[in-house]
2 protein chains.
Amino acid sequence: MAKTKRILKWQRDPEGMRLRILEAAKAEFAAHGLAGARVDSIAKNAGANKRMLYYHVGNKEDLYLEVLEGAYEKIRAEERGLDLEHLEPPEAIARLIDFTWNYFIRNPEFLALLNTENLAKARHLKRSTKVKSMHSPFVEMIRTVVTRGVESGDFRVAVDPVQLYISIAALAFFYLSNSATLSVIFGRDLLSKDARDERLEHMIALVLAALTGKSIAAFGKSKAPKLQVTAQQAV
Amino acid sequence: MAKTKRILKWQRDPEGMRLRILEAAKAEFAAHGLAGARVDSIAKNAGANKRMLYYHVGNKEDLYLEVLEGAYEKIRAEERGLDLEHLEPPEAIARLIDFTWNYFIRNPEFLALLNTENLAKARHLKRSTKVKSMHSPFVEMIRTVVTRGVESGDFRVAVDPVQLYISIAALAFFYLSNSATLSVIFGRDLLSKDARDERLEHMIALVLAALTGKSIAAFGKSKAPKLQVTAQQAV
DNA sequence: GGGGAAATTAACCCGTTGGATAAATACTGT
DNA sequence: ACAGTATTTATCCAACGGGTTAATTTCCCC
């Protein structure tokens, strides 16, 4: 064992390399869009060589699609863990809003990637086999909550779960995705802690007030637990 | 006057040329983003040549900023014509939603441009002198409506007009801007006539139900006048 | 311990793109 | 008719950017 300790110029690590490439690609595509992303920049940030991208994943568009699919998989996986079934319907909706909001805050690249894909008119997503099947379970989950809410008398309406989900996503997504321009226009920092707390309360109050028709004093799951907010104050 | 009828190879039309350039640039930036836009393509679609872009406007980024400023000016101008002052507050809100929705539908490039600018973290907008001042009047207009609504008893809450405006814009913007990916995911065509009508009703019902706490049978300004919708059905 | 596939590097290729320049030509108001 | 302005045509170019080729290194299995 008295071998000469060879100095390795590099180590083999295909899985790790692949992950680093996808991570760097996600950041690059999110920061600059598909057209603005630079393959060389991805390689460098992955601590790799441009050749590696093509070796492990494929060309720029393959890379992009894989990043996009990964992003969808990630949020759907977390959504599955939400477990809204055994919450009171209003609480379940509040939790859904809270989760969506915080997921978007924690994963700003997700927003940028979706915008990029929509600029491309979902051209890549349409080609994806993985993504299409991932969503129906989640819609059913929301439908169940709404149905339970109507039966229990908590909700006065049977909302289309797709409309409801889109609205919840919209309230969070637009605010965060467009915070840069909105902050300039309104002359406020919309991403400050206070502004974010205020927004979350506003969204929950808006949706729950519409669904229940009541003021919502103690739905609890708000990220600002100190403030006991009523719909009167917070919509 | 027996002049030779000269055959003109081209006409002078600096203003027209400038407009065509900006129009073509708007389409190009909206379709491909800032990085994806091609200066040569803009020139061709403007019926001009590349030299003219630089002669009349400037480089690519100057061109982009001018397009962006023009887009903001246009929507603010139309908003000023909304004239919400002498409507009943709930009707005023419904009209605002209706207008916002239809403006976005009529001007899809506006949505794409905003997304592009947010991808750039509002880098260009921050440099713009024109845009910053254009917005406060509009917020005041909404504040007035809300205040009137609270005083008249129509609204049970004094909403922050900025939050309200962002929410209204969000409900419309996200749906339309992301319609490509959402349509794939939910397996529906979200841009069909029926789907659009349904969405508009949903948005109005959601916001007005939250503000008024009542069912909203006849707020009238909906684009689907045949359907007399109650909040019960439409949220 | 060595052969060979797998992983990685380094170097190169070549079309594209934004931008600049020069010169010629045509138009239009005065 | 003239002068200044608008427009075209032609060309250039340097940087960039996606993609490829060939050589090199590593490491696993026999």
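Side chains included, hydrogens not; waters and symmetry mates left out as well; all remaining heavy atoms used. Chain letters run A, B, ... following the sequence lines, proteins first, then strands; residues in each count from 1.
- The CD1-C1' distance, from B:Ile42 to C:dG19, rounds to 14 Å in whole Å.
- If you take CG of A:Leu53 and C1' of D:dG19, they are 11 Å apart, rounded to a whole angstrom.
- Within residues 29-38 of chain B, no residue has any heavy atom under 4.0 Å from DNA chain D.
- Atom OH of A:Tyr55 and atom P of C:dA5 are 12 Å apart (whole Å).
- By the 4.0 Å N-to-carboxylate-O rule, A:Glu23 lies too far from A:Arg20 to be salt-bridged with it.
- Remark: B:His56 is in phosphate contact with D:dT7, judged by side-chain N or O atoms under 4.0 Å from OP1 or OP2.
- A donor-acceptor contact under 3.5 Å links the side chain of A:Lys50 to the base of D:dG18.
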Next item on the list: Might you work through the salt bridge (Lys or Arg N to Asp or Glu O under 4.0 Å) test for B:Glu109 and B:Lys74, ending with a clear yes or no?
Entry: CA-CA 12 Å; B:Glu109 336 82 34; B:Lys74 188 179 171 193; 5.5 Å; no
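- For the pair B:Asn49 CG and C:dA22 C1', the interatomic distance rounds to 14 Å; values are reported in whole Å.
- Rounding to whole angstrom units, CG of residue A:Asn59 and P of D:dG17 are separated by 17 Å.
- The residue among B:Ala48 and A:Lys60 whose nearest nucleotide of DNA chain D lies closer to the 5′ end is B:Ala48.
- Side chains of A:Ser41 and A:Glu28: a donor on one and an acceptor on the other come within 3.5 Å.
- The shortest non-hydrogen separation linking B:Val145 to B:Ala92 is CG1-CB, 3.8 Å.
- Spacing between atom OH of A:Tyr54 and atom P of D:dG18 amounts to 6 Å, rounded to whole angstrom units.
- For A:Asp13 against C:dA7, no side-chain N or O and base N or O form a donor-acceptor pair under 3.5 Å.
- Look at NZ on B:Lys44: it is 14 Å from C1' on C:dT16, rounded to the nearest Å.
- Distance CG (B:Asp40) to P (C:dA20): 14 Å, rounded to an integer number of Å.
- Residues A:Ser128 and A:Glu69 bring a donor and an acceptor atom of their side chains to less than 3.5 Å of each other.
- The base of D:dT21 sits with one of its N or O atoms less than 3.5 Å from a complementary donor or acceptor on the side chain of A:Arg51.
- For B:Arg76 and B:Glu73, the salt-bridge test fails: no basic side-chain N is under 4.0 Å from an acidic carboxylate O.
- Applying the ring-ring contact (aromatic ring centres under 6.0 Å, His included) test between A:Phe174 and each of B:Phe174, B:Phe104, B:Phe173 identifies B:Phe173 as the sole match.
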